[in-house]
Amino acid sequence: MSEFADYDLVMEHLASKELWDFPGGVHPTQFKTLSNTTPISQISLPDKLYIPIKQHIGIDGEVIVNKGDRVLKGQALTKSENTFAVPVHASTSGIVESISKHVSAHPSGLPELTICIAVDGKDESIDTSGIPDYASVAKVDLIGAICNAGVSGLGGAGFPTHIKTNNVKPVEFLIINGIECEPYISADDRLMREHAWQIRQGIDILYHILEPKQVIIAIEDNKPEAFETMSLACQQHSDYQVVSVPTKYPAGGEKQLIQVLTSREVPSDGLPIDIGCMMYNVGTCYAIADAIIEGKPLLERVVTLTGQALKQPKNVWARIGTPIKHLLDMAEFDVEKQHYPRIIMGGPMMGFTLTSAQIPVVKTTNCILAPAAKELPEVGDERGCIRCSACADACPVSLLPQQMFWYSKAKEYETAQDYNLFDCIECGACAYVCPSEIPLVHYYRQAKSDIRQQQAEKEQAEKARIRFEARKARLEKEKQEREEKHRKAAEARKQSVNKDGGAQAKIAAALARAKAKKAAQASAEQANNTPDAIDKKEVENSPTQQSENSADDKKAKVAAAIARAKAKKEAKMQAERKENESKQTKDETSDE
Amino acid sequence: MSLTFIALLVVATIALIFGAGLGYAAIKFKVESDPLVEQIDNILPQTQCGQCGHPGCRPYAEAIANGEDINKCPPGGEVTIKQLAELMGVEAKPLDSAHGVEDIKKVAYIREDECIGCTKCIQACPVDAIVGAAKQMHTVIIGECTGCDLCVDPCPVDCIDMVPLNQGTDNWKWDFKQTQVGDISVRQVS
Ligand code: SF4
Ligand code: SF4
Ligand code: SF4
C-alpha cells in the first residue's frame with residue numbers, strides 16, 4: 001500500500017482540487033457542440049430489430065425463443081447458467097422472424113448469430129417489478145437482478161456488470177466515469193444533464209453493494225452543464241463528490257482516470273480493484289437504476305448521431321438492435337456530402353468504420369459518426385518512420401510506440417512484447433500525432449491477435465503431441481503384445497516337443513517318438529488355433545483392426561461399383577435423350 | 001501336471017525377461033533423447049501430417065537436428081521457419097514449396113450419412129481424433145483434429161472433407177482483406 005498515495009492524501013488533493021496527471025495525451029479538436037445542444041430525442045421504431053445474442057465480453061447464452069414466436073418488450077431471448085453469460089432482451093414487441101447470422105457491430109463485420117424481430121409497433125411490454133427498497137434485499141440477489149437485466153458496461157468494452165460488481169475486496173474509491181473524452185461524442189454529457197437523478201440512484205445502488213469509502217464522479221471540464229446537474233443531484237450525500245477533470249484525450253481511459261484522480265497506477269496484469277478502485281460509466285449507472293428500481297432490462301441507450309454529413313446531428317434513445325440505417329434516416333444523412341459512404345461506429349479516435357448500414361446498435365454503441373468528405377482526413381499514404389518520437393510523447397502509458405510498431409510489423413513478437421505491447425490501450429494517440437501517418441494501432445492489433453492465436457495454437461500443438469505419442473505408445477504396445485503371444489505359442493510348442501525327447505531307455509525311444517509325434521501333432525493344432533483365436537478377439541475389441549471388415553468392405557465396394565455403373569448408364573441415357581431432343585428440335589427448326 | 005507347471009514357469013520367465021528388456025529400452029531411449037530435438041519439436045506445429053517427408057513432427061525434428069533444411073513444414077509456415085532459424089542459428093528462408101504451401105487452418109469433417117464404417121480413417125489419424133467402430137458411423141473430434149489431411153485419401157467412399165475452421169469475430173486477425181471492409185478510412189482510428 002505504501003507505493004501509492006493513501007486514502008487521506010488522495011482526499012486532500014481532491015479537496016484542494018489538485019489532481020494528478022497521466023503522461024502524454026493529445027488534444028484533438030472538439031466537435032461536441034454538433035450534437036450536444038438539443039435534448040435526447042425519442043425516435044420512431046424501426047421495422048426490424050437485429051439483436052445479436054452476444055454483446056458483451058464473455059460467453060453467449062442459449063436462445064430460448066423460436067422462429068415465429070411473438071415476443072414482448074423486455075422478454076429475455078437468451079438464457080444461461082454460466083456466470084459469464086449476459087442475457088439479451090427483445091427491445092420491443094414483435095414476431096421473431098429469423099435466428100441466423102447477421103453482419104456484426106465489430107470492426108470485421110463478420111456475421112454473428114442474431115435474432116431478427118419484425119416489429120409490430122404495439123410496443124407491448126412484459127410485466128416488470130423492481131426492488132425499490134433494495135437495501136432490504138440480499139446483495140447477491142441485487143447482483144443477480146443486474147445480470148438478468150442484461151447490463152454490461154455501456155462505456156467501452158462491455159464487460160458484464162454483475163461480474164465486476166460481485167467483488168469481495170475492499171473498495172476505497174468508487175469512480176463514476178463521466179469523462180467522455182472522444183472529441184465528437186456527447187451521449188453521456190446529455191444523459192448527465194437530463195437524467196442526473198437516475199444516475200444518482202444507480203450510484204446509490206452501487207454504493208450499497210460495494211460499500212466504498214468515497215464516490216468520485218469525474219466529469220471533464222468541457223461539460224460544465226453536466227457538472228452542474230450532477231453536483232446538484234449528489235449534493236446531499238457527504239461521501240459523493242463531483243470532480244472536474246482537465247480535458248485531455250484519453251482521460252476517460254480506466255487506468256488514466258484512476259491515475260489522474262488518485263495518482264495510483266493499475267499494475268500491468270492487474271485490475272483497478274487491486275489498488276482499491278472500481279469504475280463504472282454513467283450510462284451503466286443509469287441502466288443499473290432501471291434494472292433494480294423498475295425491474296426494466298437494458299433495452300435502449302443514448303447514441304450520439306453526429307458528423308457534418310448529417311443534417312440533424314443529435315442524441316437519440318435507440319433501441320438495442322436498431323439498424324444504423326434507421327438512425328441515419330432519423331438524422332437526415334446527406335450522402336452528397338461524402339465522396340463515398342463512410343460511417344464510423346464509436347468516435348474518431350477509437351471507433352471503426354462500418355461495412356453495412358444493416359449493422360445494429362448494440363449495448364456498447366455510443367456514437368454513429370458520419371463525417372463530411374473533408375471533415376476527417378482520409379488515411380494518407382503511410383510513410384516510413386522518421387524516428388521523431390512524437391508518438392512516445394503522446395502515449396498515455398509511456399510506451400515506445402515506434403519500437404512496438406517496428407517489431408510488430410517485422411512479426412518479431414517476442415521483442416514487441418518486451419516493449420509491453422499488451423499494455424497498449426489502443427487509444428490511437430500515437431497514430432493521431434504521427435507525421436508519417438502510420439496506422440500504428442492497426443499494427444498493434446494485428447500483432448496482439450497474432451500472438452493470442454499463436455498461444456492458442458501452442459496449447460493445441462501440445463495436446464496433439466501428447467495424443468500422437470500416446471497413440472504411438474499404444475501401437476507399439478499392441479505390437480509387442482502380439483509378438484509376445486506368438487512367441488509364447490512357439491515356446492509352448494517347442495517345450496512339448498522337447499519334453500519327452502530326454503534320454504530314456506533306448507528301447508523306449510521308438511515308442512516315445514511315436515507318442516511324441518502324436519502329442520506334437522495335437523499341440524501344434526492347439527497352438528495353431530491359439531493365435532487365431534486371439535486375433536479374432538482383438539478384431540472384435542479394437543476398432544483399429546479391420547480384417548473382419550474386408551468382406552463388408554468388399555460388399556460396399558461392389559455396391560458402390562454397381563451404383564457407379566447405374567449412374568453411368570443413366571447419364572448415358574440422359575445424354576442420348578438430350579441428343580434425341582436436340583435432334584428433334586433441329587428437325588423441327590429445319591422443318592420450319 | 002508338471003508339464004503345465006513348467007510351461008507356466010517358462011512363460012513367466014519370458015515375461016520377466018521381456019519386461020526387463022522394455023524397461024532397459026525405456027531408460028536407454030531417455031538417455032538418447034536430445035534436448036535440441038526436444039526444442040525443435042516444441043516449435044513444430046505437431047500437425048503430424050508428414051508433408052515434410054517424415055512420419056510425424058518428431059522425426060522431422062530429429063532430422064533438423066542432424067542438419068536437414070528447416071523450411072519443409074507447410075502447416076508451420078513462415079512463423080515456424082523464423083523460430084527454427086533463430087534456434088538453429090541459420091538464415092531463415094522461404095517455405096520449400098515442394099512440400100506444400102501455407103494454408104488457412106482446416107479440420108476434417110466426415111459426411112456422416114455417407115460413412116460406411118470401414119475404420120480406415122481411424123487407422124490413418126495420427127492423433128486419434130476420429131471416433132467410431134466397425135460398421136458404425138464415424139466422426140471427427142474437431143478440437144483434437146490437427147488438419148493433417150491424412151484421413152482423406154484412405155476413405156473408400158470419399159466422405160471426408162477438409163473444411164476451413166470457422167472464422168468469427170473472436171479469432172479475426174485484423175485482416176481487412178478477409179472481410180468486406182475496404183480499410184479503416186479514418187486516420188485517427190488507424
Ligand atoms: S495506442 Fe497504445 S501505444 Fe499508441 S498512444 Fe495509445 S497506448 Fe500508447
Ligand atoms: S510518431 Fe510516427 S514517425 Fe514519429 S517516431 Fe512515432 S511512428 Fe515514427
Ligand atoms: S481427423 Fe483427419 S485431418 Fe484430423 S488429425 Fe485425424 S487424420 Fe488428420
Side-chain angles (χ1 to χ4, degrees), chain A residues 28 104 106-110 112 342 344 348-353 355-356 371 376-380 411 428 431-432 437-442 445-446 449-450 453-454 457 460-465 467-468 470-471 480 484 487-488 491-492 495-496 499 543-544 546 548-549 552-553 556-557 560, chain B residues 3 6-7 10-11 14-15 18 22 41-42 44-48 56-58 78-79 82 105 116-120 122-123 125-129 131-136 143-146 148 156-157 167-169 171-176 178-190:
Chain A
S104 66
H106 183 269
S108 70
L110 287 171
E112 290 205 317
R342 177 155 76 125
I344 295 158
M349 299 297 283
M350 292 183 79
F352 53 90
T353 46
T355 46
S356 154
L376 277 179
E378 301 282 326
V379 180
K411 298 205 172 167
Y432 178 74
E437 301 197 21
I438 304 173
L440 293 163
V441 186
H442 186 61
R445 285 171 173 157
Q446 275 184 332
S449 51
D450 260 356
Q453 178 149 350
Q454 276 176 22
E457 272 168 12
Q460 191 74 25
E462 199 47 51
K463 233 168 48 174
R465 185 208 324 279
R467 286 180 81 87
F468 179 65
R471 176 186 151 92
Q480 295 215 351
E484 194 188 323
R487 188 133 152 200
K488 242 196 288 180
E491 283 295 332
Q495 282 293 315
S496 51
K499 165 100 176 105
T544 54
Q546 46 101 36
E548 200 196 46
N549 298 325
D552 215 62
D553 224 359
K557 263 189 200 154
Chain B
L3 194 139
I6 290 171
V10 167
V11 167
I14 288 171
F18 232 94
L22 265 177
D41 197 31
N42 263 328
L44 294 174
Q46 304 301 322
T47 310
Q48 317 293 0
C57 295
R58 203 185 166 88
E78 198 188 337
V79 181
K82 229 174 223 169
K105 178 146 165 56
I116 54 170
C118 70
T119 77
K120 288 202 165 121
I122 290 189
Q123 293 163 62
C125 179
V127 291
D128 285 340
V131 284
K135 294 191 220 165
Q136 305 294 320
E144 308 294 354
C145 172
T146 67
C148 71
V157 290
Q167 166 121 71
T169 48
N171 55 4
W172 183 61
K173 295 215 271 178
W174 289 91
D175 182 0
F176 289 105
Q178 278 180 18
T179 64
Q180 319 86 308
V181 197
D183 195 7
I184 296 190
S185 336
V186 196
R187 173 173 165 246
Q188 288 101 314
V189 179
S190 304

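Throughout, a chain's letter reflects where its sequence line sits, starting with A, and its residues are numbered from 1.
Under the 4.5 Å side-chain criterion, counting only non-hydrogen atoms from C-beta, B:Thr146 is not in contact with A:Gln460. Residues A:Glu462 and B:Gln46 are not in side-chain contact: their nearest non-hydrogen atoms beyond the backbone lie 4.5 Å or more apart.
The two residues B:Pro45 and A:Ala461 come nearest to each other via the heavy atoms O-CB, 3.4 Å. Considering every non-hydrogen atom in both B:Asp128 and A:Arg467, the closest pair reads O-NH2, 2.7 Å.
Contact count versus chain A (heavy atoms, under 4.5 Å) is highest, among B:Asn42, B:Leu44, B:Val79, for B:Asn42.
For B:Pro126, the parts lying near chain A are the backbone and the side chain together; criterion is any non-hydrogen pair under 4.5 Å.
Side-chain atoms of A:Arg465 do not come within 3.5 Å of backbone N or O of B:Cys57 as any donor-acceptor pair.
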